[in-house]
Amino acid sequence: MRERTKKGIYIIPNLFTTANMFSGFYAIIAAYNEDYFLAAVAILIATIFDGLDGKVARLTKTTSRFGVEYDSLADLVSFGMAPGLLAHFWALNSYGRIGWIAAFLFVVCGALRLARFNVQVGTVESKYFVGLPIPAAASLLASTILLDLHFIGMDKEIIRPLVILIMTYVLAFLMVSNIRYRSFKDFNLRERKPFRVLVATVLILVVFAAQPYLMLFLFFAVYASSGIVELILSPFVRTSAAKIPAKENVEEEDIEDKEIILNKEKI
C-alpha cells in the first residue's frame, strides 16, 4: 500500500509570516490616516518578522513549498504595497500621475523580484541575491521617512517629493537588476571572531542608541549601495586574485627546483 501523503502546514514559521503581513497591512492603514511615523515603523517591524520566519523554519526543519509561496505573498503586501502607498501619500501625490506611476513601478518591480527569486531557488548561489531584496528596498524607503521626520525636515513642496521620486525609481531598478547582493547566509555567529569585531559591534550599538533613525538609514543605504560598489570593483578584484596563484606557482616551482638540486648534490 502506498503511504498517504502528509497534508497540513507548519504553524510556527507561518505565524511569523502572518505577523509580517499584518505589519504591512497596518502600515497601509497608518499611511492612509497620515500617520507616517507608525507606517514606517510597521514596515521595519515587518522586516524583522520576515527575517525570523525563514530562520525559524530552518532551525526547526519546517521549511515547505507552501511557506515559500506564503512568504512571497506577505512580502508583496509588506514591502511592495505598503512602502509604495506610503511614498505616494507622504510625498509623491504632489506629482499627480507621475507620482502614482512611480509608486506602482516600485510595487510591480518588487513583485517581479519576488517571482524571480522563487524560480531561482536552488539554482543561484546562496551567498548572493540577484537584485536588491525587496525588504531592503522597503526598509530604505521607510528609514528615509523616519530620518526626515526626526532629523532632516526636508522641504515639503520641492525637496521631499523630488528625493522620494528619484529614490523610488532607483530602488525599483535595483530590485529587477542583475546586480548581486550578499545574503550573509554563510555568516556563522558560533565561530570565534577577533576582539576588534566585538569592539566595533559595541561602538555601532552605542551610536545606534544615540541616533537610531540616522543609523537605520545608513545601514540600509550602505547595503543598497554595496552591490553597485562590488560590481564596479569586481574587475580589479579578479585581476589581483588571478595574479596571486601565478606567484604561488612560481614559488612552488622554485622550491621543487631547489629540492632537485639538493638531491643531486647528495647523490
Side-chain angles (χ1 to χ4, degrees), residues 3-32 38-88 103-143 168 171-172 174-177 180-187 220 223-224:
E3 295 183 358
R4 289 186 177 181
T5 304
K6 293 183 180 180
K7 296 182 179 180
I9 59 174
Y10 296 110
I11 300 298
I12 295 178
N14 289 307
L15 283 178
F16 282 100
T17 305
T18 305
N20 167 16
M21 187 184 293
F22 174 80
S23 299
F25 181 78
Y26 180 81
I28 295 173
I29 299 298
Y32 179 78
L38 284 180
V41 170
I43 291 172
L44 293 174
I45 292 174
T47 305
I48 297 174
F49 285 123
D50 180 61
L52 288 175
D53 62 359
K55 295 285 186 184
V56 171
R58 287 189 291 271
L59 288 174
T60 58
K61 297 180 179 180
T62 54
T63 55
S64 65
R65 188 64 189 176
F66 174 86
V68 173
E69 300 298 333
Y70 185 42
D71 181 68
S72 294
L73 293 173
D75 287 353
L76 184 58
V77 174
S78 299
F79 310 124
M81 293 295 296
L85 290 173
L86 174 58
H88 179 262
F104 173 72
L105 185 66
F106 184 91
V107 176
V108 71
C109 287
L112 292 171
R113 169 68 178 78
L114 291 168
R116 184 174 65 177
F117 174 79
N118 286 348
V119 299
Q120 288 181 341
V121 171
T123 61
V124 179
E125 189 179 2
S126 61
K127 292 182 179 181
Y128 293 93
F129 294 121
V130 179
L132 179 65
I134 186 173
S139 298
L140 178 56
L141 202 56
S143 61
T168 304
L171 292 176
L174 290 176
M175 284 191 288
V176 295
S177 69
R180 299 198 307 171
Y181 286 86
R182 293 185 179 272
S183 64
F184 298 106
K185 290 182 179 180
D186 56 339
F187 185 77
F220 291 112
Y223 182 75

M81 atom CE, neighbour heavy-atom count above 12 within 6.0 Å: no
Nearest heavy-atom neighbours spanning T47 and S139: OG1-OG, 2.9 Å
Interatomic distance, D71 atom CG to L76 atom CG [nearest 0.5 angstrom]: 11.5 Å
Any donor-acceptor N/O pair, Y181 side chain to A224 backbone, under 3.5 Å: yes
Heavy-atom closest pair, residues A39 and A31: CB-N, 3.8 Å
Side-chain (S177) to main-chain (L174) donor-acceptor, under 3.5 angstrom: yes
Least distance between heavy atoms, P83 atom then L141 atom: O-CD2, 3.6 Å
Whether Y223 side chain and L132 backbone form a donor-acceptor pair below 3.5 Å: no
Partners meeting ring pair (Phe, Tyr, Trp, His ring centres under 6.0 Å) with Y26 (sequence neighbours left out): none
Spacing of CZ belonging to F106 relative to CD1 belonging to I134, to within rounding of 0.5 Å: 6.0 Å
Euclidean distance, F49 CZ relative to I45 CD1, rounded to 0.5 Å: 7.0 Å
Main-chain N/O of L114 paired to S72 side chain as donor or acceptor, under 3.5 Å: no
Non-hydrogen atoms of M175 and R116 that approach each other most closely: O-NH2, 3.2 Å
Euclidean distance, I48 CD1 relative to I43 CD1, rounded to 0.5 Å: 13.0 Å
Crowding at CD1, I29 (>12 non-hydrogen neighbours, <6.0 Å): yes
Straight-line distance of D75 CG to D53 CG, nearest 0.5 Å: 7.5 Å
Approximate separation, where rounding is to 0.5 Å, of L105 CG and L112 CG: 9.5 Å
Closest heavy-atom pair and its distance - A46, S78: CB-CB, 3.9 Å
Within-4.5 Å side-chain heavy-atom neighbours: K55 and F16: no
Heavy-atom closest pair, residues R113 and F129: NH2-CB, 3.5 Å
